[in-house]
Amino acid sequence: MSEPNFMTLQFASRSENEAFARVAVAAFVSQLDPTLNELTDIKTVVSEAVTNSIIHGYNNKPDGVITITTKIDDDVVRITIEDKGSGIDDLEQAKQPLYTSKPELERSGMGFTIMENFMDEVEVVTAVGIGTKINMLKRIESKKALYN
């Protein structure tokens, strides 16, 4: 078993960087030769988490920093998306489908639900006034055959 491969990316909390983050993570993960569905799932959850950091964590202020770390260990991809924003007051409420703290922005309130449905594991660590870290794990099925 080899050492995990990883990359870390930091960028300003600007909405125009969401697409960059999604593509950068997808490009890194593509070395595992994921299926199109697996890659789409990963790109979607990165978009959701980064958008949540921008809109909720930093309240659309462009001076925050978002950090993404992606690790590949055999057939497992681990993605951590972290902000030093406002944190989440009530995590259980925030995880409820259709709940949004910003209805005026016409948000769907499905971010955490999408993350939980598209990834194998999702853990949210948050503290008010300190920030939020989302740890996600996905097993890439196309690689399992190589290791079995």
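We use all heavy atoms of the structure for the numbers below, so side chains are in, but hydrogens, waters and symmetry mates are not. Predicted model only: the values in this text are computed from it and were never measured.
- For the pair Thr40/Phe118, no side-chain contact is recorded, criterion being any heavy-atom separation below 4.5 Å from C-beta on.
- Residues Lys95 and Val122 form no side-chain contact, since every pair of their non-hydrogen atoms from C-beta on lies 4.5 Å or further apart.
- In terms of modelled atom types and a separation under 3.5 Å, the side chain of Thr126 and the main chain of Gly131 share a donor-acceptor contact.
- Note that CG of Asn60 is 5.5 Å distant from CD1 of Ile55, once rounded to the nearest 0.5 Å.
- When the side chains of ILVMFWY residues are joined at heavy-atom separations under 4.5 Å, either directly or via intervening members, Ile130 and Leu91 end up in two distinct hydrophobic clusters.
- With a 4.5 Å cut-off on side-chain heavy atoms, Val50 and Asn17 do not count as touching.
- Linking ILVMFWY side-chain heavy atoms closer than 4.5 Å, directly or via other members, places Leu39 and Val23 in two distinct hydrophobic clusters.
- Side-chain heavy atoms closer than 4.5 Å link hydrophobic residues (I, L, V, M, F, W, Y) into clusters, and following such links, possibly through other members, connects Val46 to Phe11.
- Proximity of Ile88 to Val128: side-chain heavy atoms (C-beta onward) are nowhere separated by under 4.5 Å.
- Nearest heavy atoms, Ala21 versus Leu9: CA-CD2, 4.4 Å.
- You'll find the side chain of Val45 stays beyond 4.5 Å of the side chain of Val25, heavy atoms only.
- Taking Lys133 as the reference, nothing meets the salt bridge (charged side-chain N to carboxylate O under 4.0 Å, His left out) condition, with sequence neighbours excluded.
- Two residues are said to be in side-chain contact when any heavy atoms from C-beta on lie closer than 4.5 Å; Val124 and Met115 fail this criterion.
- A side-chain hydrogen bond (donor to acceptor under 3.5 Å, both in side chains) with Ser53 holds for exactly one of Thr132, Asp83, Thr67; it is Asp83.
- Here the CE atom belonging to Met119 is positioned 10.5 Å from the CZ atom belonging to Arg139, to the nearest 0.5 angstrom.
- With values rounded to the nearest 0.5 angstrom, Lys71 atom NZ is found 12.0 Å from Leu137 atom CG.
- Residues that satisfy the salt bridge (charged side-chain N to carboxylate O under 4.0 Å, His left out) test with Lys84, not counting sequence neighbours, are Glu82.
- To the nearest 0.5 angstrom, Ile54 atom CD1 is 12.0 Å from Asn59 atom CG.
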**Asked** Where do Ile42 and Ile140 land on the side-chain contact (heavy atoms from CB on, under 4.5 Å) test, with the steps shown first?
**Response** CA-CA 10 Å; Ile42 288 168; Ile140 303 300; 4.1 Å; yes
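- Evaluated for a salt bridge (Lys or Arg N to Asp or Glu O under 4.0 Å) with Lys138, the options Asp120, Asp41, Asp73, Asp75 yield exactly one hit, Asp41.
- Gln31 places a side-chain N or O within donor-acceptor distance of the main-chain N or O of Phe28, the cut-off being under 3.5 Å.
- Residues Val65 and Ile134 do not share a hydrophobic cluster, clusters being chains of Ile/Leu/Val/Met/Phe/Trp/Tyr side chains in contact below 4.5 Å.
- Considering every non-hydrogen atom in both Asp74 and Ile72, the closest pair reads O-CG2, 3.8 Å.
- Interatomic distance, Asp90 CG to Glu92 CD, rounded to the nearest 0.5 Å: 7.5 Å.
- Across all non-hydrogen atoms, the minimal contact from Ala12 to Pro62 is CB-O, 3.7 Å.
- With hydrophobic clusters built from ILVMFWY side chains whose heavy atoms lie under 4.5 angstrom apart, Met7 shares a cluster with Val77.
- Side-chain atoms of Glu38 come within 3.5 Å of backbone atoms of Glu141 as a donor-acceptor pair (strictly under, hydrogens ignored).
- One finds the OH atom of Tyr58 at 8.5 Å from the CG atom of Asp63 (value rounded to the nearest 0.5 Å).
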